[in-house]
Enquirer: 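Handing you this structure, nothing more for now.
What's counted below: heavy atoms across the whole structure, side chains too, no hydrogens, waters or symmetry copies. Please read these numbers as outputs of a predicted model, since none were measured by experiment.
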There are 2 protein chains.
Amino acid sequence: MATIYDVARLAGVSPATVSRVFNGTTVTPQNERVVKEAAAELDFVPNRTARTLRLRSSDIIALVIPDIENPYFTALARGVEDEARAAGYSVVLCNTDDDMSRESGYLDVAVSEHMAGVIIAAASDRSDLSPLLDRNKAVVAVDRVPRGAAIDAVTVDNVAGGRAATTLLVERGYRRIACIAGPADVETSTRRIAGWSAALEAAGLPEDPTLLEHADYRVDGGYAALERLLAHDERPDAVFVANNLMSVGALRALRDAGIHPPAVGIASFGALPFSTSAPTGVSTVSLPARELGSAAARILLERIAGDRQEPRTVVLEAVPVV
Amino acid sequence: MATIYDVARLAGVSPATVSRVFNGTTVTPQNERVVKEAAAELDFVPNRTARTLRLRSSDIIALVIPDIENPYFTALARGVEDEARAAGYSVVLCNTDDDMSRESGYLDVAVSEHMAGVIIAAASDRSDLSPLLDRNKAVVAVDRVPRGAAIDAVTVDNVAGGRAATTLLVERGYRRIACIAGPADVETSTRRIAGWSAALEAAGLPEDPTLLEHADYRVDGGYAALERLLAHDERPDAVFVANNLMSVGALRALRDAGIHPPAVGIASFGALPFSTSAPTGVSTVSLPARELGSAAARILLERIAGDRQEPRTVVLEAVPVV
DNA sequence: CTGAAAGCGCTTACAG
DNA sequence: CTGAAAGCGCTTACAG
C-alpha cells in the first residue's frame with residue numbers, strides 16, 4: 001500500500017505537505033494539485049491507524065446495543081447514523097446480546113481503538129461505564145441509563161408510557177390487567193412496571209402482584225410469560241406487555257392457545273414490528289426510536305467538540321396510538 | 001492512559017517483556033505474574049491502534065450490509081458474529097443503505113483501518129470490490145455477489161426458491177400470478193424473477209410481462225407495487241413477492257384495499273418478520289439467514305488464516321414452508 | 001528467556 | 001507556505 005512518503009516522492013514535495021493536503025491546511029494550489037494527482041496515480045488511501053495513533057482519536061463512533069435483532073434498536077441505530085455521518089463520522093455497531101462481559105469487551109475496544117465516542121444502550125442497570133469515564137471518553141446513554149452514572153442520557157418517559165398503555169386497556173373495559181415486564185435488572189422495565197401500577201391505582205383497580213411476570217424482552221420470553229398467565233388460577237382479561245418483541249411472543253401464545261384479541265386485551269409498549277394487520281384488541285404506545293438515536297448523536301457530537309456543561313437528560317414522549 | 005512502558009517500569013522489566021506477556025509468548029512465570037500485577041495496578045489497556053499499525057492487521061471483521069432495518073440481515077449478522085467471536089474476532093457492522101458511495105466509503109475504512117477481513121452483502125451488481133481485492137484483503141460475498149468478482153461467496157438458491165414459492169401458489173389454484181421483484185441492478189432479484197418464470201412455464205401458465213413490478217426491497221416499495229398491480233386492467237389473482245419486507249408492504253396494501261388473502265394469494269421469498277398470525281393465503285419460503293452468516297464467517301476465517309485455494313461458492317437452500 | 005533498537009505511517013510544533 | 005524531525009505505542013528479529 002502506498003504511503004504518504006511514496007506520494008511525496010512522486011509529487012516532489014515533503015511528506016508534511018502531503019499530509020497538509022489531506023487535512024485541509026495551507027498549501028499552494030499548485031502543490032495541492034500535484035499531490036492529488038500523485039495520490040490518485042498511486043491509489044493512495046491514508047492509513048487511519050497511523051493517524052489515530054498520532055492524534056489519539058479516530059472519527060469512529062461506537063454504538064453499543066443489547067439486541068441487534070430488535071427493530072427498535074436498529075431504528076435507533078439509523079437515527080445515530082444519519083446524524084453522525086452528516087458530521088463526518090462513521091458509526092460501527094456493537095451487539096452485546098444483553099451480556100455484560102461482551103459489553104465490557106466492546107467498551108475496551110472503543111478505548112483501545114481511540115474511538116471518538118460511545119453511545120450505549122446498556123445491557124444492565126449494573127453496567128460499568130468506568131473504563132470510558134475514567135479516560136474522559138465522550139459517552140451518551142440512550143434508552144437505558146446504568147445506575148449512578150452521571151452522564152448525558154436520552155430516554156423515553158417509561159413511567160408515563162407504561163401508564164398510558166395500561167390506561168388504554170382500562171378504557172376499553174378490561175379490569176384484571178396483568179403485566180409482562182422485562183429483566184429485573186433493567187431500568188426501563190422497572191419504570192414501565194411503575195406506570196402499570198399507577199394506571200391501575202388511578203382507575204381504582206386492585207394490583208395483584210401475582211399478575212406480574214418478568215421475562216427477557218425477547219419474543220420467546222413473551223411467549224412463555226403469556227402461557228404462565230393463562231395458566232393462572234384467576235386468569236387476567238388483559239396484559240400490558242413492556243416491549244415490542246415480547247408483545248409478538250404474547251400474541252403468538254394467544255394464537256396458539258386459540259384465543260383471539262379482544263377476548264384477552266393486549267397493550268404493547270412499542271409498536272409491533274412489521275405488523276400487517278391492525279388486530280382489534282391490541283393497543284400500542286409508539287416510541288420515537290430514530291429520534292432517540294439522533295438526539296443521542298447530537299449530544300455526543302457536542303461533547304466531542306468540547307462541550308463541558310453539566311450532563312443532561314433528554315426525555316422523549318411515548319405516544320399512545322388509538 | 002498507561003502504556004507498556006509504564007507497566008514495564010512498575011514491573012521492573014523491559015517493554016518487550018510486557019508485550020510478550022500480552023501476546024502469549026515465552027516468559028517466566030515470575031515475570032508473567034509481576035507484569036500482570038503491574039498492568040492491573042495501572043488499569044492498563046493495550047493500545048490496539050499501535051498494535052495494528054505495527055502488525056498491519058487488526059482483529060476486527062467488517063460486515064457490510066445494505067439495510068440494517070431488515071431482520072434478514074440482522075439475523076445474518078448474528079450468524080457472522082457468533083462464528084467470529086468464537087475465533088477471537090470482533091465484528092463491526094456497516095450499513096450502506098443501498099448506496100454505493102456509502103459502501104465504497106466503508107470499504108476504504110476497512111482498508112484504512114487494516115481490518116482482518118470483510119463480509120459484504122453488496123449494494124448493487126456493480127459494487128466495486130477492487131479497493132479490497134487490489135490489496136489482497138480477505139473478502140467473502142454473502143447473499144449477493146457483485147458481477148464478475150472472483151471471490152468466495154455464500155448465497156441462497158434464488159432461482160429454486162423463487163420457483164418453489166411461485167409453485168406453492170400454482171398448487172393452491174391461482175392462475176394469474178404476478179411478481180414484485182427487487183431492484184433491477186441486484187442479482188438476487190434477477191434470479192428470483194427467473195424462478196417465477198420457470199414455475200409459470202412448468203405449470204403451462206402464460207407469463208405476462210406487465211405483471212412484473214420492480215421495487216426496492218423495502219416495505220413502502222412493496223406497498224406501492226401492490227397498489228399498481230391492483231390497478232391493472234386484468235388484475236392478478238396472486239403475487240410472488242421477492243423479499244420479506246416487500247411482502248409486509250404488499251399485505252398492508254391488500255389490507256388497506258379491503259382485500260384479504262386468500263382472495264389474492266401471496267407467496268413471500270423469506271418468512272414474514274415477527275408475524276403474529278399465520279394468515280391463510282400467505283405462503284413463504286424460508287431462508288437460512290443465520291447460517292448464511294456463519295458459513296460466510298467460517299470461510300473468511302480460513303482465508304485470514306492463509307487458505308489459498310480457488311474461490312468457491314456455497315449455495316444454501318430456501319425451504320418452502322407448507 | 002530477555003533487552004535494546006528499529007520501524008509501522010502518520011501529524012505538527014518549530015524554524016526558515 | 002514548506003521541510004526536517006520527533007513521537008504516538010506497540011512488536012519482533014537479533015544478539016546475548
Enquirer: How would you list all residue pairs meeting side chain to side chain donor-acceptor pair (under 3.5 Å) that involve residues 53-64 of chain A, not counting sequence neighbours?
Expert: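 Those involving residues 53-64 of chain A are A:R48-A:D59.
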Enquirer: In chain order, what residues pass the side-chain contact (heavy atoms from CB on, under 4.5 Å) check against A:A184, with sequence neighbours excluded?
Expert: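 Counting only residues at least two positions away or on another chain, A:A184 forms a side-chain contact (heavy atoms from CB on, under 4.5 Å) with A:H214.
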Enquirer: What pairs with B:Y5 under ring-ring contact (aromatic ring centres under 6.0 Å, His included), at least two apart in sequence or on another chain?
Expert: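 Applying ring-ring contact (aromatic ring centres under 6.0 Å, His included) to B:Y5 gives none.
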Enquirer: May I ask you to list the residues of residues 41-60 of chain B, by number, that have any heavy atom positioned under 4.0 Å from an atom of DNA chain C?
Expert: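 Hits under 4.0 Å, by residue number: B:L53, B:R54, B:R56.
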Enquirer: Pairs in or reaching into residues 63-74 of chain A: which pass side chain to side chain donor-acceptor pair (under 3.5 Å), with residues at least two apart or in two chains?
Expert: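 Pairs touching residues 63-74 of chain A that pass the test: A:E69-B:R78, A:E69-B:R290, A:N70-A:N244, A:Y72-A:D143.
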Enquirer: Only Watson-Crick and G-U wobble pairs with both distances less than 3.5 Å should count. Give DNA chain D in dot-bracket notation, marking inter-strand partners with |.
Expert: |||.||||||||.|||
Enquirer: For B:E302, enumerate each residue passing the side-chain hydrogen bond (donor to acceptor under 3.5 Å, both in side chains) test, keeping only those at least two apart in sequence or located in another chain.
Expert: B:R312
Enquirer: Between the side chains of A:Y217 and A:S189, is a donor N or O closer than 3.5 angstrom to an acceptor N or O?
Expert: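 Result is no, nothing qualifies.
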Enquirer: Which is the 5'-most and which the 3'-most nucleotide of DNA chain D that has an atom under 4.0 Å from a heavy atom of chain A?
Expert: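 For DNA chain D, the relevant span reads D:dC1 to D:dG9.
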Enquirer: Determine the interatomic distance between C1' on D:dT12 and the same-named atom on D:dG16; round to the nearest Å.
Expert: 16 Å
Enquirer: Would the distance check show the side chain of A:N31 and the main-chain N or O of A:V27 forming a donor-acceptor pair, the cut-off being under 3.5 Å?
Expert: no
Enquirer: Residues in side-chain hydrogen bond (donor to acceptor under 3.5 Å, both in side chains) with A:R33, at least two apart?
Expert: A:Q30, A:E37
Enquirer: Name all residues meeting the side-chain hydrogen bond (donor to acceptor under 3.5 Å, both in side chains) criterion together with B:R102; count only those two or more places apart in sequence or in a different chain, and write none if there are none.
Expert: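 For B:R102, the residues satisfying side-chain hydrogen bond (donor to acceptor under 3.5 Å, both in side chains) (neighbours in sequence not counted) are A:E81.
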Enquirer: Is it true that, when you exclude A:R135 itself, more than 12 heavy atoms of the residues, nucleotides or ligands shown sit nearer than 6.0 Å to its CZ?
Expert: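 Atom CZ in A:R135 is crowded, with more than 12 foreign heavy atoms closer than 6.0 Å.
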Enquirer: Scan residues 5-23 of chain B against DNA chain D and write down, sorted by residue number, each residue with any heavy atom closer than 4.0 Å; if none is found, say none.
Expert: B:Y5, B:A16, B:S19, B:R20, B:N23
Enquirer: What residues, two or more places apart in sequence or in another chain, satisfy side-chain hydrogen bond (donor to acceptor under 3.5 Å, both in side chains) together with B:S124?
Expert: B:D185
Enquirer: At their closest point, which heavy atom of B:L301 faces which heavy atom of B:A84, and how far apart are they?
Expert: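 That would be CD1-CA, 4.5 Å.
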